[in-house]
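Before any comments, here is the structure.
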Amino acid sequence: MTETTISFASLLKVRRGAVDLIDVPEFGFAVVTGTGAPGGGEFTDALQALYAISYGAHFLARKQYGEAPRVMPLEALWCVDDPDQQDILAAVARGQASMADTDRDRWRWQAMIMQPDPIDWGLVEAALTRARDNKASAALERLRYIRWAEGRCAQLLHVGPYAAEGPSIARLHQAITAAGGRPRGPYHEIYLGDPRRSAPEKLRTILRQPVELADA
């Protein structure tokens, strides 16, 4: 694995087919947590709330400062609580199963969009107020702003359908093991492509796994 320190400018510059070891510093995020399959009603509502707030905060930042950072891609943390589902995910990491073998309705997730400086809680809160005036939404009521440093992670770029991520996930975990590490915390995906506009074989997704290394 190649080791790099991640900055805001380089966050989305991930090499295809190579596993990089990175140190992710603190950033601000708008987040909504929930359960169930991606594409389900709860997840869809969360995405609508996140994009509404992110574009609203972008507009308010531009109005206040004269410029604003771009609206960042959707991200999500994924995990399961059930031991049998955890066993299946462990098999996926070993290349012995696929994500299709899991029960997607039992997944837990935290959907989120990074809010780069100068966007802060004040701007996110103002965007929330504007959004609530336009639409009542349970996801808006669950939306929070957090500051989070993910720390040391391994990641690679997967190109292709989400359902075909299994071999890429296995490659990621093989590199972690080869480096003398082990997974730490929820599995993380960053969605660089839009499935509504891109052909499945052209979708680009950063697969990231926080790690603990023996020398850390």
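Here the OG1 atom belonging to Thr205 is positioned 10.0 Å from the CD1 atom belonging to Ile190, to the nearest 0.5 angstrom. Arg16 contributes atom CZ, which lies 11.0 Å from atom CG of Leu156 (distance to the nearest 0.5 angstrom). In this structure, OH on Tyr145 lies 12.5 Å from CG on Leu128, to the nearest 0.5 angstrom. If you take CZ on Arg208 and CD on Glu75, they are separated by 6.5 Å, rounding to the nearest 0.5 Å. In this structure, Leu89 CG and Asp84 CG are separated by 10.0 Å, a value rounded to the nearest 0.5 Å. How far CG of Asp101 is from CD1 of Ile88: 6.5 Å, rounded to the nearest 0.5 Å.
Classification of the Phe43-Trp109 ring pair by plane angle, with boundaries at 30° and 60°, yields perpendicular.
Residues Trp148 and Val31 fail the side-chain proximity criterion, which asks for heavy atoms closer than 4.5 Å. Considering only heavy atoms from C-beta on, Leu60 comes within 4.5 Å of Arg130 through its side chain. For the pair Met72/Ser54, no side-chain contact is recorded, criterion being any heavy-atom separation below 4.5 Å from C-beta on. A 4.5 Å side-chain heavy-atom check between Gln115 and Leu123 finds every atom pair outside the cut-off. Trp78 is listed as a side-chain neighbour of Glu189, based on a closest heavy-atom distance under 4.5 Å. Contact of the Leu192 side chain with the Val14 side chain is not registered, since no non-hydrogen atoms from C-beta on lie closer than 4.5 Å. Gln110 is listed as a side-chain neighbour of Arg144, based on a closest heavy-atom distance under 4.5 Å.
Between Glu26 and Arg147, at least one side-chain N (NZ, or NE/NH1/NH2) sits under 4.0 Å from a carboxylate O, which counts as a salt bridge. Taking 4.0 Å as the cut-off between side-chain N and carboxylate O, Arg94 and Asp87 do not count as a salt-bridged pair.
Between Val211 and Arg184, the shortest heavy-atom contact is O-NE, 3.1 Å. When all heavy atoms are compared, the tightest approach of Ala30 to Leu143 is CB-CD2, 4.2 Å. Closest heavy-atom contact between Pro210 and Pro186: CD-O, 3.3 Å. Shown here for Ala57 and Ile119, the closest heavy-atom pair between the two residues is CB-CG2, 3.9 Å. When all heavy atoms are compared, the tightest approach of His58 to Ala68 is O-CB, 3.4 Å. The nearest pair of heavy atoms linking Val24 to Cys153 is CG2-SG, 4.3 Å.
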*Should Phe29 and Leu50 be marked as a side-chain contact (heavy atoms from CB on, under 4.5 Å) after you check the CA-CA gap, both sets of side-chain angles, and the distance that decides it?*
CA-CA 10 Å; Phe29 292 87; Leu50 285 168; over 6 Å; no
*Apply side-chain contact (heavy atoms from CB on, under 4.5 Å) to Ile53 and Leu140, showing your working.*
CA-CA 9 Å; Ile53 295 313; Leu140 284 174; 3.9 Å; yes
_side-chain contact (heavy atoms from CB on, under 4.5 Å) for Val19 and Ile176? Distances and angles first, verdict last._
CA-CA 9 Å; Val19 178; Ile176 293 171; 5.8 Å; no
*Go through the steps for Gln209 and Leu207 under the test side-chain contact (heavy atoms from CB on, under 4.5 Å), then give the verdict.*
CA-CA 7 Å; Gln209 178 60 59; Leu207 311 184; over 6 Å; no
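Taking Tyr51 as the reference, nothing meets the ring pair (Phe, Tyr, Trp, His ring centres under 6.0 Å) condition, with sequence neighbours excluded.
A donor-acceptor contact shorter than 3.5 Å links the side chain of Arg142 to the backbone of Thr33. With hydrogens and angles disregarded, a donor-acceptor distance shorter than 3.5 Å links the side chain of Asp120 to the backbone of Gly122. With Arg152 contributing its side chain and Leu21 its backbone, the two residues share no donor-acceptor pair below 3.5 Å. Although no hydrogens or angles enter the test, the distance criterion places a donor-acceptor pair under 3.5 Å between the side chain of Gln86 and the main chain of Val80.
Within a 6.0 Å radius of OH in Tyr55, no more than 12 heavy atoms belonging to other residues, nucleotides or ligands are found. The number of heavy atoms from other shown groups lying within 6.0 Å of CD (Glu201) is above 12. Other residues, nucleotides and ligands contribute over 12 non-hydrogen atoms within 6.0 Å of the CZ atom of Arg62.
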